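Below, chains carry the letters A, B, ... as their sequence lines are ordered, and counting in each starts from 1. Being a predicted model, the structure only gives us computed values, none of them experimental.
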2 protein chains.
Amino acid sequence: MTEKATPSPEAIKAWARLMRVSRQLMESAEEALKAAGLPPLAWYDVLHELAEAGEGGLRPFQLIERTLFAQYNISRLLTRLEADGLVEKLPVADDGRGQTIRIAAKGREIRRQMWAVYGRSIAELVGAKLSADELTMVSALLGRLRHPPAGD
Amino acid sequence: MTEKATPSPEAIKAWARLMRVSRQLMESAEEALKAAGLPPLAWYDVLHELAEAGEGGLRPFQLIERTLFAQYNISRLLTRLEADGLVEKLPVADDGRGQTIRIAAKGREIRRQMWAVYGRSIAELVGAKLSADELTMVSALLGRLRHPPAGD
DNA sequence: TCAAGCTTGATGCAATTGCATCTATCGTCT
DNA sequence: AGACGATAGATGCAATTGCATCAAGCTTGA
């Protein structure tokens, strides 16, 4: 496990699998959403975070931390979400620069509809392919690849 | 492991980890290439396939099968690669529609330079985090998520 | 208090992606 | 041969992304 310039064959294979499978799965899920006439996955990620945050909402920079999207990406995504009435932008009292984003009723509804499709994709693409123990093992191993690493 | 509309918590967690970690790792690798003044990962994928194919080259539709890129994406990528002198487009004898793409000497050289950086990323981001056995396990588990599945 | 630097979020512009469609050629069937 | 559908690859146009930069507000420190 020492740092080397040239990766082991096992590392190369794991990397290749990871890249290929994740892309394939993501595209499948994306396709299912599109087929249902629903917005793309990125919207779900944001709506999910906002739904979990509740009425207090979140600041855009918090969304950036949680979703890993780029700043300009979030900025424009929020513009679209607001234009569609899925979120509200509220001024924040103690910081004139900032704003608080709160999910709107329509946003919760769209998120619900998206989850019906997205959740089904997850169940079919992942839940149906591996046992609970195997899924837990995948999570644990992938967790150690994060930065910072975590094994939970 | 029956098909359900609502995925298990284990499936959701594994999915989330997979999406998040793969994106994070990809971005790290991409960033390393950019920092080295080298082209993006997509170029590597194509050059890699072409290098493996050897002098015979590959048809664009074969590249699509191997890399999972969209047709228009490959078409434009090849235009750029050719413009940079990394590949050659050759007419193919028995099919007037098609062409054969062959990697050029400069393409091999760029690929070599990219691998120096990319390989290091893989070694650091993956090879240094998990043992060989664990990496093999990751590959096997992810392999079962492919379509079609494979466990090798 | 006010200048200098940092943080938050937006935006102009170029490059890329996605979608739909197009052209050209091929293969097949009559 | 000729028509019809399928396949290979390119491309116009709209949407999105990435990069760099900007404007506005905050914080600190002399």
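A:Arg76 contributes no side-chain N or O that forms a donor-acceptor pair with the base of C:dG9 under 3.5 Å. A donor and an acceptor atom never sit less than 3.5 Å apart when one is taken from the side chain of B:Gln71 and the other from the base of D:dA8.
Separating the CH2 atom of A:Trp43 from the P atom of D:dA15 is a distance of 13 Å, rounded to the nearest angstrom. One interatomic measurement links the two molecules: CG of A:Leu81 to P of D:dT16, which rounds to 11 Å at whole-angstrom precision. Per the geometry, CD belonging to B:Gln99 stands 14 Å off C1' belonging to D:dT7, to the nearest Å.
Using a 4.0 Å cut-off between charged side-chain N and carboxylate O, A:Glu10 and B:Lys129 make no salt bridge.
Between A:Ala42 and A:Gly96, the residue anchored closer to the 5' end of DNA chain D is A:Ala42, taking for each the nucleotide with the nearest heavy atom. DNA chain C is contacted by both A:Arg97 and A:Tyr72; A:Arg97 maps to the nucleotide lying nearer its 5′ end (nearest heavy atom per residue). In this structure, B:Arg80 and A:Ser75 both approach DNA chain C, and ranking their closest nucleotides by distance from the 5' end singles out A:Ser75.
The side-chain tip of A:Arg23 points at the ring of B:Phe69 from less than 6.0 angstrom away and within 45° of straight on.
Annotation: proximity of residues 82-95 of chain A to DNA chain D (heavy atom, distance under 4.0 Å) is found for A:Asp95, numbered in ascending order. Within residues 58-65 of chain A, no residue has any heavy atom closer than 4.0 Å to DNA chain D.
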Worked check of salt bridge (Lys or Arg N to Asp or Glu O under 4.0 Å) between A:Glu27 and A:Arg20: CA-CA 11 Å; A:Glu27 276 173 17; A:Arg20 181 164 293 244; over 6 Å; no

Criterion salt bridge (Lys or Arg N to Asp or Glu O under 4.0 Å) on A:Lys106 and A:Glu109, from CA distance to verdict: CA-CA 5 Å; A:Lys106 187 174 171 189; A:Glu109 171 60 15; over 6 Å; no

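Distances shown here put every side-chain N or O of B:Asn73 at or beyond 4.0 Å from the OP1 or OP2 atom of C:dT16. Side-chain nitrogen and oxygen atoms of B:Lys34 include none within less than 4.0 Å of the OP1 or OP2 phosphate oxygen of D:dG18.
Within a 6.0 Å radius of CD in B:Glu31, no more than 12 heavy atoms belonging to other residues, nucleotides or ligands are found.
Ring planes of B:Trp115 and B:Tyr118: perpendicular class, angle over 60° (limits at 30 and 60°).
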